[in-house]
Amino acid sequence: SQQGEEDPQALSIQEGENATMNCSYKTSINNLQWYRQNSGRGLVHLILIRSNEREKHSGRLRVTLDTSKKSSSLLITASRAADTASYFCATASGDSWGKLQFGAGTQVVVTP
Amino acid sequence: NAGVMQNPRHLVRRRGQEARLRCSPMKGHSHVYWYRQLPEEGLKFMVYLQKENIIDESGMPKERFSAEFPKEGPSILRIQQVVRGDSAAYFCASSQQQGAGADTQYFGPGTRLTVL
């Protein structure tokens, strides 16, 4: 079974709205990373949040981490059409920190 | 500073042939990771290598797949006697040796393998 699972599977919003997606995981982690993938392209690293951190910001992105609930959220504020992509969370765990475990992703469509 | 480079970007092979996928990590990175992505799915870890060493190959199929990261040159993922089920996008990532940011993995554009 996958370590990280994103929710929802798909999200459709209009430009200017906020987009929120969640990631749940099963085992304790060292860090959690969010990536974006445009259709047919490689992954772009967005944010890394460590297990002792609760919130991080990067531009229009805000990531939270709740280790007690084993969950993380990614918020994209004031979305743009260029934010249309799939978003994946990936976790790194203690004994295999080099091995990222990915969820199936959230497909976000932002319409003008 | 160039990012992670992968070639070829697209590779077509017939069943039974061999596929060789190459990955050059970012400058200053000595850790390389290979992942496979099937359509509409997330990435699945295959193998983690440092120069001349395999650190974790827990995601590699037991047969037909091998990976190396020689002292000189790119990392190679080799698939022998390909089958249709090997058709997927194969992504390489790299990270720094140590220090701040060492656990951030940066991904290449991927190689899309199609087996006819």
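Atoms considered below: every heavy atom in the structure, side chains included; atoms not considered: hydrogens, waters and symmetry mates. Chain letters run A, B, ... following the sequence lines, proteins first, then strands; residues in each count from 1.
For the atom pair CD of B:Gln37 and OG of A:Ser86, the computed distance is 8.0 Å after rounding to the nearest 0.5 Å.
Proximity of B:Gln105 to A:Tyr35: side-chain heavy atoms (C-beta onward) are separated by under 4.5 Å at one or more points. A heavy-atom distance below 4.5 Å is not found between the side chains of B:Pro109 and A:Arg41. At least one side-chain heavy atom of B:Tyr35 sits under 4.5 Å from a side-chain heavy atom of A:Leu100.
Hydrophobic cluster membership is shared by A:Met21 and A:Leu61, with clusters built from Ile, Leu, Val, Met, Phe, Trp and Tyr side chains linked at under 4.5 angstrom. Cluster annotation: B:Ile54 is connected to B:Ile79 through the hydrophobic network of ILVMFWY side chains, with a link wherever side-chain heavy atoms come within less than 4.5 Å.
For B:Arg14, the CZ atom counts as loosely surrounded, since its 6.0 Å shell holds 12 or fewer non-hydrogen atoms of other residues, nucleotides or ligands. Around the CD atom of A:Gln9, the shell of radius 6.0 Å holds no more than 12 heavy atoms that belong to other residues, nucleotides or ligands. More than 12 heavy atoms of other residues, nucleotides or ligands sit less than 6.0 Å from atom CE of B:Met60. Applying the 6.0 Å contact sphere to CD of B:Gln81 captures no more than 12 heavy atoms from other residues, nucleotides or ligands. Residue-environment remark: CZ (B:Arg15) stays at or below the threshold of 12 foreign heavy atoms within 6.0 Å.
With a 4.5 angstrom heavy-atom cutoff, A:Leu48 touches chain B only via side-chain atoms. For B:Gln6, no part sits under 4.5 Å from any heavy atom of chain A, backbone or side chain.
The shortest non-hydrogen separation linking B:Phe91 to A:Gln37 is CZ-NE2, 3.5 Å.
A centroid separation of 6.0 Å or more is found between the aromatic rings of B:Phe45 and A:Phe102.
Ring pair A:His45/B:Tyr106 is tilted by interplanar angle, where 30° to 60° counts as tilted.
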